[in-house]
There are 2 protein chains.
Amino acid sequence: MVSIKDIARQAGVSISTVSYALNGNPKVTEETTARILAVASELNYVPNAAARSLKRRETKIIGVFLTDFSGAFYGDLLQGMKEVLSVKGYDLIVCSGKQSHRMLPERLIDGAIILDETFDSKELASYAERGHKLVVLDRELKHANVNQVLLDNKAGAALAVEYLLERGHRKLYAMTGPRGSFDSKQRLAAATQVVERVGDASLTVIEGDFNKSSGEHAAAKLVMEGVIGPHGEPAAIFCFNDEMAIGMCHYLQRNHPDIVLGKHLHLIGFDNLELASFMQPRLATIDYSKRKWGAIAAEQLMKLICGQEVEQERIYVSLIRGETVGSATL
Amino acid sequence: MVSIKDIARQAGVSISTVSYALNGNPKVTEETTARILAVASELNYVPNAAARSLKRRETKIIGVFLTDFSGAFYGDLLQGMKEVLSVKGYDLIVCSGKQSHRMLPERLIDGAIILDETFDSKELASYAERGHKLVVLDRELKHANVNQVLLDNKAGAALAVEYLLERGHRKLYAMTGPRGSFDSKQRLAAATQVVERVGDASLTVIEGDFNKSSGEHAAAKLVMEGVIGPHGEPAAIFCFNDEMAIGMCHYLQRNHPDIVLGKHLHLIGFDNLELASFMQPRLATIDYSKRKWGAIAAEQLMKLICGQEVEQERIYVSLIRGETVGSATL
DNA sequence: TTGTAAGCGTTATCAG
DNA sequence: CTGATAACGCTTACAA
C-alpha cells in the first residue's frame with residue numbers, strides 16, 4: 001500500500017508537505033505541488049479513508065436505513081437524496097438490517113436518514129444524544145440533533161376519504177399498515193375524523209401490513225364474507241398504500257373477473273407508485289413527490305451537520321383520480 | 001468521544017488490557033474482563049471504526065454497486081447477498097454513482113459486487129490489480145482477484161426463441177438492451193444462432209435500452225410501420241428484459257386495445273419480474289432466482305477474501321410460459 | 001496476568 | 001515555503 005510517506009521519499013520532501021500539496025494548500029509552491037501530484041499519480045496513490053477520518057472525525061458519507069431492499073418504492077426517494085448530497089460532497093450508502101446500525105455510533109457515517117419502522121426510537125434517541133445527526137421519515141422524534149420530514153398524512157387521508165364520499169359512497173373501509181406504522185396511524189386517525197364529521201357514513205377497519213399479500217388476503221376474505229360481490233351495495237376501500245390496493249386488484253382480476261372495479265368495488269390507494277399508473281383500470285391514489293421527499297430529507301441533514309437552523313418541513317400530497325373509483329349512483 | 005483510554009483510566013488498568021478484554025482475549029482474567037466490560041458499557045463505549053480498520057486493514061463491509069436505485073429488480077438479489085454476508089459477519093452497503101467508486105480503493109469496503117454497466121472494466125481491472133476483491137455480475141473479467149457470476153444468457157435466449165418457434169412463429173423480433181450491455185450481447189448472439197439454425201425464420205433486431213420507455217416507443221413505431229396490427233401475420237417479439245416487454249404491453253393496451261396480445265402480437269420477456277406475474281395476460285418470460293444469484297455472488301466474494309479456491313459459477317434459467325405467446329396457427 | 005510502546009496513514013501545529 | 005512532530009483510537013509484539 002502506497003502512503004504519503006512513499007510519495008515524500010520519492011519526491012524528496014517531507015510527509016507534511018505532501019499532505020499539504022495533496023489537499024491543495026496554497027502554502028506549497030505550485031512547482032512542488034505539481035511534482036508531488038505527479039509522483040502521487042505515478043505511484044497510484046489513493047488516500048486511506050480510515051486514516052483520514054480518524055483524524056478529521058468525519059467520513060463525508062451519509063447512510064440511509066431502510067426496512068428492506070425491496071425497492072419499487074425507494075428509487076426516486078434515494079435519487080432525490082443522492083442529488084442533494086453529491087453537490088455537497090457527500091456520498092450516500094443504503095443500509096438495511098439491525099447489523100448495520102453500528103455504522104452510526106462507530107462513526108462510519110456522518111449522519112443518517114431513517115425510513116425503517118423496525119429501528120427503535122429509543123435507539124435513535126440515544127444516538128442523537130451522543131451527538132449523531134439524524135433525519136427521520138417515519139416517526140416523530142424531537143431532539144436538537146434530529147429533524148423530521150414527514151408526509152402530510154392527514155391531508156392525504158382526508159383527500160382520499162372525501163373523494164369517496166363525494167362520489168356518493170357511504171360504506172367505507174380502511175385498510176391499514178402494520179400496527180406500529182406511524183403513517184398508518186395518522187392516516188387512520190384522519191380518515192376516521194372525516195367520516196365521523198359526515199354522520200351517515202361508516203368506516204370499517206381492515207388490518208393490513210403494507211404488503212401486497214395482505215391486500216390479496218383481505219380481498220379474498222371480503223369476497224367470502226359477501227362484502228364484495230357483483231350485487232348489493234358496493235364497498236369503497238381506502239388502502240393505506242398502493243401495494244395493498246394492487247394486491248386486491250390482482251386477486252380479484254384473477255379469481256373474480258365478474259367483480260368490476262369502479263362499479264362493484266371502489267378502491268383508492270396511497271403513494272402513487274409508478275406501477276399504479278399502468279394499471280387497468282387506473283388506480284385512484286394519493287400522490288407526492290418521492291424525489292422531493294428524499295431531497296428535502298438530505299437538505300435537512302446537511303443543515304443539521306453544518307449546524308444551521310432547521311425548520312420543520314412537510315411533504316405535501318395531492319389526489320389522483322382513477323377509474324377504480326366510480327360513482328355510487330350507477 | 002469515549003475511547004479505550006477513558007475506560008482504562010476508569011477501570012484502573014492499561015489501555016492494552018482494555019483492548020484485550022474487549023476483544024475477549026483469554027489472557028485477561030475473567031474478573032478484570034468483567035470489570036472492564038462493565039465500565040465500558042457504563043460509559044457507553046463504542047469502538048471507533050476508523051481506528052480499528054486503520055490497524056486491522058479491514059472493515060467487514062462489502063459494497064454492492066448498482067447503476068441506480070430504481071429497485072424493482074434488485075430487492076431479492078440484495079436480500080440473497082445480505083443473508084450470506086451477515087452469517088460471515090459482514091455488512092452490506094449499496095452504492096450507486098461514480099462518486100462512490102472511491103470506497104473500494106480507499107479501503108472503506110473489503111470487497112465489491114458489481115452490477116453496473118457504467119462501471120468501467122479498466123477501472124475494475126486496476127482495482128483488482130491493487131489487490132481488491134471483486135465479483136462481477138455484468139461482464140467478463142478474468143483476474144485472480146475477480147470472480148464472475150453470470151446468468152446463463154445463452155440458454156435463456158435459446159429457450160425463449162425456441163418457444164416462439166415451437167408455437168409456429170417465423171417472423172421474429174429481438175429487442176435488445178443498451179449497446180454496451182454484456183447480457184444483451186450474449187442474448188442476441190444466442191437468439192441469432194437459434195434462428196439461423198432453423199432456416200425458414202427471420203430475426204429482426206430492435207434497439208432498446210432495458211427501460212420501459214424504450215418498449216413503449218418501440219411498440220408505437222412497430223404499429224406505425226404496420227408490423228403490429230390486428231391483421232396480417234402476427235409478429236413475435238423477444239424482449240431482452242421484462243421491463244421493455246411491459247412497456248410494450250402498456251402502450252398497446254392503452255392506445256390500441258384492438259391489438260390482442262397472444263394473438264396479433266406474441267411477446268416474451270426476460271427476468272420474470274414479480275410484476276410480470278400479475279400482468280393480464282400473463283407475460284411469458286425467462287426466470288432465474290435473483291436471490292440465489294445474490295447469494296452465490298456473496299459466497300464467491302467471501303471465498304475470494306478468505307483466499308479460498310473459487311470455481312466459476314453460473315446462474316441457470318428456465319422458461320415461464322405465458323398467455324402473451326399464442327400459437328401462430330390461430 | 002498486565003503494562004509499555006510502536007505503529008497503522010493522515011492531518012495540523014509549530015518552528016525553522 | 002517546508003519540515004519535524006504530535007496526535008487521532010486502536011491492536012499487538014514484547015517486556016515486566
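Order of the sequence lines sets the chain letters (A, B, ...), proteins ahead of strands, with each chain counted from 1.
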Distance in angstrom units between B:N25 CG and C:dT2 P, rounded: 11 Å
Just the rounded figure in Å: distance from P of D:dC1 to CZ of A:R35. 14 Å
How would you label the contact of B:T32 with the nucleic acid (heavy atoms, under 4.0 Å): base, sugar-phosphate, or nothing? sugar-phosphate
If you assign B:S14 and B:L54 each to the DNA chain C nucleotide with the nearest heavy atom, which residue ends up on the more 5' nucleotide? B:S14
Of the nucleotides D:dA4, C:dT10, C:dA6, which one has an atom closest to the side chain of A:S16? D:dA4
Distance below 4.0 Å between B:K5 side-chain N/O and D:dC8 OP1 or OP2: yes
Which value, rounded to the nearest 0.5 Å, describes the distance between A:K82 atom NZ and B:D68 atom CG? 8.0 Å
Indicate whether the side chain of A:T17 and that of A:S14 have a donor and an acceptor atom separated by less than 3.5 Å. yes
Would you please confirm or rule out a distance under 4.0 Å between OP1 or OP2 of D:dC10 and any side-chain N or O of B:Y45? yes
Measuring to OP1 and OP2 of D:dG3, would you say a side-chain N or O of A:T17 lies under 4.0 angstrom away? yes
Does a side-chain N or O from A:R57 land closer than 4.0 Å to OP1 or OP2 of C:dT11, or not? no
Could you tell me whether B:F69 and A:Y74 have their ring centroids closer than 6.0 angstrom? no
Atom pair distance, as rounded to whole Å: CZ in B:R56 and P in D:dG9: 17 Å
Does a side chain donor of either A:N241 or A:D271 reach within less than 3.5 Å of an acceptor in the other side chain? no
For atom OH of B:Y20 and atom C1' of C:dT4, their distance in whole Å: 10 Å
From the candidates D:dC10, C:dT2, C:dT10, the one with an atom nearest any side-chain atom of A:K55 is C:dT10
In whole angstrom, give the distance that lies between atom CD1 of A:I15 and atom P of C:dC8. 11 Å
Using only side-chain N and O atoms of B:R52, determine if any of them is under 4.0 Å from OP1 or OP2 of D:dC10. no
Between A:D91 and B:R102, does at least one N-O distance fall below 4.0 Å, as a salt bridge requires? yes
Taken to the nearest whole Å, CZ/A:R107 to P/D:dG9 is 9 Å
Report the residue (B:G12 or B:A51) whose heavy-atom-nearest nucleotide on DNA chain C is the more 5′ of the two. B:G12
Is there a side-chain contact between B:N48 and the phosphate of D:dC8, meaning an N or O under 4.0 Å from OP1 or OP2? no
Taking the ring of B:Y288 and the ring of B:Y316, is the distance between their centroids below 6.0 Å? no
Of the candidates D:dG9, D:dT5, D:dC10, the side chain of B:P47 sits closest to D:dC10
When you check the phosphate oxygens OP1 and OP2 of C:dG9, does a side-chain N or O of A:S3 lie under 4.0 Å from one of them? no
Presence of A:S19 side-chain N/O under 4.0 Å of C:dT11 phosphate oxygens OP1/OP2: yes
Rounded to whole angstrom units, what separation is found between the CZ atom of A:R9 and the P atom of D:dT2? 20 Å
Which part of the nucleic acid, if any, lies within reach of B:T29 when heavy atoms closer than 4.0 Å are counted: base, sugar-phosphate only, or nothing? sugar-phosphate
Please classify the nucleic acid contact of A:V18 as base, sugar-phosphate, or nothing, using heavy-atom distances under 4.0 Å. nothing
Could you tell me how far apart A:I4 (CD1) and D:dT2 (C1') are, to the nearest whole angstrom? 14 Å
